[in-house]
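Only one structure is covered here, and it is reproduced in the block below.
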Amino acid sequence: MPAGVRTLGDRSAFPRDELGDAADLVARRLLGTLLVRSEEDGSDTVVRIVETEAYHQTDPASHSFRGRTARTEVMFGPPGHTYVYFTYGMHWCVNVSCEPEGIGAAVLLRAGIALTNTALVRQRRGERARERELLAGPARLTSGLGLDGSWNGVDLCAPAAPLRLESDGLVVADAGVAQGPRVGVRQAADVPWRFRLADVPEVSRYSRHPKAPPRP
DNA sequence: CGCCGGATGTCCT
DNA sequence: GGACATCCGGCGC
């Protein structure tokens, strides 16, 4: 198992300027960083991000592709804010806005590993959930952290935010990163904008959209 | 492990 | 009316 991935060092706020770049760069950069939720009892639920996907404004698979709407407003705002959307009638997914203000782009957080409050995460996900799948998938991640639409627009770089990005100094080398096509998208199905930690089993399994065109 | 169908709200054509 | 950045349980191998 990759050293350090399941342990936790001293935490500090994640710098906003590292989120202002192109979405694929930010998606790569967010691997190994921490998503922290302040719980009502004062504790922190800390999750190591192990899988991400980039969505650019000129990307037909992106919600921002058809322009600025009420739903996608946060994607066009300043970097480092949550874009939380509802899908398939029952699931929430959380993104981190990136690229400069005025450009609609974000990184979908697809999977993580809980480093603290694991019992609480398991309780939210259901006791039947398998260990490897606790936060392996974008809707499982929000479910385990108790996130929904009310968390849209949160500034993840504000030190006192109830949901925030942090770093504990873990450095993910390029050799430890696997890159490939995104999961379940019909448009731009072969663009390699999904990033994950290689050799970490707690990620979603790749599935191609059933109606995506055949691979070139 | 893989494939399949159902659940179920919002957005876009 | 159809698609959708999904998950789960059931069934077959």
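This is a predicted model, so every value here is computed, not measured. Residue numbering restarts at 1 for every chain, and letters A, B, ... go by the order of the sequence lines.
In this entry the distance linking CZ of A:Arg205 with P of B:dC4 reads 13 Å, nearest Å. Rounded to a whole Å, the CZ atom of A:Arg128 is 9 Å from the P atom of C:dG10. One interatomic measurement links the two molecules: CD of A:Gln187 to P of B:dC12, which rounds to 14 Å at whole-angstrom precision. Taking atom CE of residue A:Met90 and atom P of nucleotide C:dG9, one finds them 12 Å apart after rounding to whole Å. Rounded to an integer number of Å, the gap from A:Phe86 CZ to B:dT8 C1' is 7 Å. Note: OH (A:Tyr206) to P (C:dA5) measures 14 Å, nearest angstrom. Atom CG in A:Asn152 sits about 14 Å away from atom C1' in B:dT10, given to the nearest Å. Nucleotide C:dC7 holds its P atom 17 Å from the CZ atom of A:Arg124, rounded to whole Å.
For the pair A:Thr116/A:Arg37, no side-chain contact is recorded, criterion being any heavy-atom separation below 4.5 Å from C-beta on. When side chains are defined from C-beta on, A:Glu131 counts as touching A:Arg122, because their heavy atoms get closer than 4.5 Å. Side-chain contact check for A:Leu30 versus A:Val96: some heavy-atom pair is nearer than 4.5 Å.
Residue side chain A:Tyr88 fails the stacking definition with respect to B:dG9, as its ring centre and the base's six-membered ring centre are not both under 5.5 angstrom apart and under 30 degrees in plane angle.
With A:Trp92 as the partner, the ring-ring contact (aromatic ring centres under 6.0 Å, His included) test is satisfied by one option alone out of A:Tyr83, A:Phe86, A:Tyr85: A:Phe86.
Of the possible donor and acceptor atoms, none in the side chain of A:Arg125 sits under 3.5 Å from a partner among the backbone N and O of A:Ser143. Within the 3.5 Å criterion, the main-chain N or O of A:Val203 finds no donor-acceptor partner in the side chain of A:Arg110. Although no hydrogens or angles enter the test, the distance criterion places a donor-acceptor pair under 3.5 Å between the side chain of A:Arg48 and the main chain of A:Gly32.
Distances shorter than 4.0 Å separate some side-chain N or O of A:Arg110 from OP1 or OP2 on C:dT6.
Side-chain atoms of A:His209 lie closest to C:dC4 of the nucleotides C:dC4, B:dG9, C:dC7. Comparing atom distances between the A:Arg186 side chain and each of C:dA3, C:dA5, C:dC7 picks out C:dA3 as nearest.
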### Message
Go through it in stages, so that I can follow the logic: the residues are A:Arg164 and A:Ser38, the test is side-chain hydrogen bond (donor to acceptor under 3.5 Å, both in side chains), and I'd like the CA-CA distance, side-chain angles, deciding distance and then a yes or no.
### Response
CA-CA 9 Å; A:Arg164 57 199 182 275; A:Ser38 300; 2.9 Å; yes

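For DNA chain C, the neighbouring residues in residues 60-73 of chain A, judged by any heavy atom under 4.0 Å, are A:Ala61, A:His63. Proximity of residues 129-150 of chain A to DNA chain B (heavy atom under 4.0 angstrom from any strand atom) is restricted to A:Arg130, A:Arg132.
Within 4.0 Å (heavy atoms only), A:Arg125 reaches sugar-phosphate atoms of the nucleic acid but no base atom.
Contact detail for A:Leu163 and A:Val154: the closest heavy-atom pair is O-CG1, 3.5 Å.
Partner assigned to C:dA5 is none, using Watson-Crick or G-U wobble distances below 3.5 angstrom.
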